[in-house]
Amino acid sequence: MNNRHSAGPSGQTPEGGAPLAGNNPVYFKDPVQDAMMNMILELSAQLWVCVDRLYALEDLLARQGIVAAASLDGYKPDAERAAALKIRRERFTHDILRDLKSLTEGAAAATEPGGGGAG
Amino acid sequence: MPLMQVDTRQALGRNNVAVLPRLASREDESYLDYVESLRSFVLDGMRFDQQLATRTGHLEDTSEPPEERLKKVREAAAEMPVAQARDRLMRSQQEMKWRRICSSLDARRDIHLERLKAAEGRGPARLELDPDFEQPQYANVHFHLQPDGYYKDPLAGFRYHYGTKVFFVGDNDKDQLHASLVENHLPLPADGRVERILDLACSVGQSTTALKQRFPAADVTGIDHSEPMLRCAHHRAVELGVDVRFSQRLVENTGFEDNRFDIVFSFILFHEIPMRIIRQTLAEVRRVLRPGGMFAVYDFMMAREMTPAQLYHRYFDSRNNGEPYGDDFCYAGFDSLLREFGYQQAAPGKRLGTTQAWYATLPAS
């Protein structure tokens with residue numbers, strides 16, 4: 001393990017305990033590999049959320065006879081919806097790429113886009 | 001080997017209903033379902049037990065001291081890409097889990113706080129908080145990487161409850177592991193008398209309510225140092241309609257009178273306290289457990305019995321998953337500690353996955 005250690009929360013060393021890895025520990029020889037792995041994991045998670053939601057949505061729409069699966073291909077969002085989607089897309093991108101950001105000089109000051117929502 | 005291997009069929013038959021906090025959205029639940037699957041994959045699909053055992057020359061042979069075996073294991077693992085990848089994935093799935101649980105609970109923070117407040121004063125469960133309680137320094141740890149640890153955030157109990165749901169990869173969604181432990185793996189005191197039970201470090205009270213369900217006539221008390229955990233435990237027990245008491249106390253200094261309890265129950269406590277507190281707690285339980293009572297302890301298995309892969313995981317977990325005292329406990333020899341404090345074996349210990357059960361009692365003085 002090539003991980004950095006820190007004293008734990010609030011800089012306090014736990015009593016007689018093992019040294020705890022601090023934030024952003026590195027396990028591969030190159031920290032970019034760690035970031036890459038995290039990006040892949042985050043991407044996989046986000047993709048699963050999407051698959052799960054689409055499955056539920058298409059199932060509900062089809063069962064209620066509202067939308068046929070084929071008509072989804074013709075969908076085009078209006079300006080308001082496109083703007084909302086853009087905000088979500090930026091949040092999506094941030095979540096996946098966050099580990100690359102931790103390699104930059106401004107990592108400590110970085111803030112998350114899109115507010116503190118749960119999505 | 002699973003983290004805890006128990007037969008939950010009987011416990012499920014009791015139709016126990018867990019009171020997991022609802023997350024803010026289906027998106028959040030889907031995300032955490034994925035993390036749960038990721039965790040399963042790492043635990044089952046990224047095993048390298050055989051490779052590690054071959055490289056270290058140890059498989060089942062555990063005759064060499066664990067400290068010596070660990071040295072060889074770490075040297076071997078340092079050259080194995082799979083070990084680095086597994087470390088990365090183990091750490092990442094924890095970080096992903098907590099990020100999403102916390103953001104999702106925070107999105108409805110006011111509602112969750114209101115739920116806890118609404119439960120105040122409601123029965124049948126009772127809640128006793130100590131306004132002068134001082135948190136011990138040793139508890140200032142972000143155990144399992146849980147943001148803010150166990151006692152600093154008012155929603156720590158809800159965070160912990162959902163976090164452990166993911167940790168147990170679906171095997172405890174209805175608290176069936178706790179129920180099974182209490183139903184199937186808790187022997188009675190030799191004389192059969194069970195009037196008062198103490199659940200040490202009860203967290204959100206899953207074993208506390210299970211104990212009451214098995215022993216409906218007994219007075220059951222769960223203690224913990226964390227107010228948010230106790231509030232969550234109380235809220236959960238109120239929702240379940242279970243008459244138990246939750247009280248803010250230290251395991252090493254409970255304040256109960258001598259010989260009060262027939263059973264003292266301890267589930268995954270001892271690996272989360274330093275050796276000084278382990279010793280004080282063993283002395284305290286000796287004081288509050290009546291002669292002939294049952295002291296049931298369920299915790300990490302001992303290092304001397306671990307395979308190379310288990311030794312590797314313990315080393316990793318202690319340092320990278322906020323378990324600073326885990327090594328102290330696993331390398332200490334809990335059997336000899338129990339004997340040192342005057343306990344006798346009440347029943348043969350049991351291995352439940354990588355969890356070990358100890359059943360101790362005290363002789364009549």
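Predicted, not measured: the structure shown is a model, and the values here were computed from it. Just so it is clear: chains get the letters A, B, ... in the order the sequence lines come, proteins before strands, and each one is counted from 1.
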| said: Using the ring centroid of each side chain, check whether F329(B) and F300(B) are separated by less than 6.0 Å. | reply: no
| Who among A56(A), A45(A), C50(A) has the most heavy-atom pairs with chain B under 4.5 Å? | A45(A)
| said: Heavy-atom cut-off 4.5 Å, strictly under: side chain, backbone, both or neither for A77(B) against chain A? | reply: neither
| query | Which bit of E95(B) comes within less than 4.5 Å of chain A, counting heavy atoms only: side chain, backbone, both or neither? | reply | side chain
| field | Polar contact flag, side-chain donor to acceptor under 3.5 angstrom, S30(B)-D33(B) | value | no
| request: Give, as side chain, backbone, both or neither, the part of Q33(A) having an atom under 4.5 angstrom from any heavy atom of chain B. | output: neither
| Among F167(B), W98(B), Y150(B), the one residue meeting ring pair (Phe, Tyr, Trp, His ring centres under 6.0 Å) with Y160(B) | Y150(B)
| query | Would you say the side-chain atoms of Q135(B) and H225(B) include a donor-acceptor pair closer than 3.5 Å? | reply | yes
